[in-house]
Amino acid sequence: MKKYIIYILAAWSCGATACYKDKGNYVYHVPPAPVITNLDTVYQATVGDSLVIQPSVAIDEPAPRLGLHWKITVPEQLTALEFQGPALRTVFGLNPTRYYARLTITDSTNGMKYFYDFAIDGKTVFASGTTVLSEEAGVTELSFIKPDGTILPRIYGAINDGETLPAGPMQVV
């Protein structure tokens, strides 16, 4: 038992003498974080249209080398879409739902990474507007009026490969 006490005291004395010169007076230089402007928290994206997100990045340090990495999480595919560059430019081809995304800014001079989270609300052109059920020459037609007043006529047949609705329309359910 005395051997164990001697070993413990020897290990403790080695540790105490190893830290003797450490005075704890360190000088830290915290690098400045980049300032992001023109980056919203939620973006609206229509399926089939272009999605462009182009924030402005500024930093108070001489000539930093910043890399921008974009990541959109797609849970229904169990994957993520990733993009590189100063802007996120893509044709939005995901399902109409909310997707969470992250912009990662990497300063290659010191290896610091900065994270900015945002969301993308995917929607279709039919998300806002008026649906019209009508009868044209004895054929039931379904049309859609967009908020800007443009009309998408005969959409049921266009969506369903020329299939027609039953005659005598009464209501849209």
Side-chain angles (χ1 to χ4, degrees), residues 31-60 64-173:
V35 177
I36 305 296
T37 54
N38 299 331
L39 184 67
D40 290 333
T41 55
V42 179
Y43 287 90
Q44 303 292 323
T46 304
V47 176
D49 281 349
S50 295
L51 172 63
V52 178
I53 303 173
Q54 190 165 1
S56 299
V57 180
I59 193 165
D60 294 336
R65 295 191 179 121
L66 300 177
L68 279 73
H69 178 82
W70 305 83
K71 183 176 180 180
I72 302 171
T73 305
V74 186
E76 65 265 11
Q77 295 177 2
L78 298 174
T79 188
L81 301 175
E82 299 190 26
F83 305 91
Q84 298 286 338
L88 172 63
R89 294 179 186 275
T90 186
V91 174
F92 188 76
L94 299 172
N95 292 330
T97 188
R98 178 169 273 206
Y99 296 95
Y100 294 98
R102 173 176 277 182
L103 168 62
T104 304
I105 299 175
T106 306
D107 186 348
S108 63
T109 57
N110 57 17
M112 291 290 291
K113 290 187 177 185
Y114 305 92
F115 302 100
Y116 301 92
D117 294 325
F118 60 97
I120 299 171
D121 279 339
K123 61 180 184 171
T124 66
V125 293
F126 304 112
S128 59
T130 305
T131 304
V132 178
L133 180 65
S134 62
E135 191 170 6
E136 259 180 57
V139 178
T140 302
E141 295 294 346
L142 190 63
S143 301
F144 188 78
I145 303 171
K146 291 182 176 183
D148 64 358
T150 57
I151 299 174
L152 301 174
R154 301 175 198 86
I155 58 172
Y156 186 83
I159 292 172
N160 295 297
D161 296 324
E163 185 179 319
T164 59
L165 288 166
M170 306 245 344
Q171 66 182 357
V172 177
V173 180

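Since the structure is predicted, the reported quantities are computational estimates derived from the model, not experimental observations. Only this structure's heavy atoms are used, side chains among them; waters, hydrogens and symmetry mates stay out.
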Stepwise side chain to side chain contact (heavy atoms under 4.5 Å, CB included) test for Ile120 and Leu94: CA-CA 10 Å; Ile120 299 171; Leu94 299 172; over 6 Å; no
Pairs involving residues 140-160, ordered by first then second residue, that meet salt bridge (Lys or Arg N to Asp or Glu O under 4.0 Å) (sequence neighbours left out): Glu136-Arg154
Show me the pairs that pass salt bridge (Lys or Arg N to Asp or Glu O under 4.0 Å) and involve residues 164-173, at least two apart or across chains.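 Every candidate salt bridge (Lys or Arg N to Asp or Glu O under 4.0 Å) pair involving residues 164-173 fails, so no pair, neighbours aside, qualifies.
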Test item: [X] side-chain N/O and [Y] main-chain N/O as donor-acceptor pair under 3.5 Å:
X      : Y      : value
Thr130 : Ile145 : no
Asp40  : Val42  : no
Asn95  : Thr97  : no

Phe126, CZ: over 12 other non-hydrogen atoms inside 6.0 angstrom: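 Enclosed.
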Under the rule for salt bridge (charged side-chain N to carboxylate O under 4.0 Å, His left out), what residues qualify as partners of Asp117, not counting sequence neighbours?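 Expected list: Arg102.
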Among all residues two or more places apart in sequence or in another chain, which pass the salt bridge (charged side-chain N to carboxylate O under 4.0 Å, His left out) test with Asp121? Arg98
Which pair of non-hydrogen atoms, one from [X] and one from [Y], has the smallest distance, and what is that distance?
X      : Y      : value
Ala167 : Thr140 : CA-OG1, 3.5 Å
Pro96  : Thr124 : CG-CG2, 3.8 Å
Leu152 : Ile155 : O-CG2, 3.3 Å
Gly129 : Pro147 : CA-CD, 4.2 Å

Distance check, rounded to the nearest 0.5 Å: [X] atom [atom1] versus [Y] atom [atom2]?
X      : Y      : atom1 : atom2 : result
Leu142 : Leu133 : CG    : CG    : 6.0 Å
Tyr43  : Leu51  : OH    : CG    : 8.5 Å
Phe83  : Leu103 : CZ    : CG    : 13.0 Å
Ile59  : Tyr114 : CD1   : OH    : 5.5 Å
Leu66  : Ser108 : CG    : OG    : 7.5 Å

Using ring-ring contact (aromatic ring centres under 6.0 Å, His included) as the criterion, list what pairs up with Phe92, not counting sequence neighbours.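 Phe92 satisfies ring-ring contact (aromatic ring centres under 6.0 Å, His included) with no other residue.
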What side chain to side chain donor-acceptor pair (under 3.5 Å) pairs are there with at least one residue in residues 75-91, not counting sequence neighbours? Gln54-Arg89, His69-Glu82, His69-Gln84, Glu76-Tyr99
Any side-chain heavy-atom pair of [X] and [Y] under 4.5 Å:
X      : Y      : answer
Leu81  : Trp70  : no
Asp107 : Pro31  : no
Ile151 : Val132 : no
Pro55  : Phe118 : no

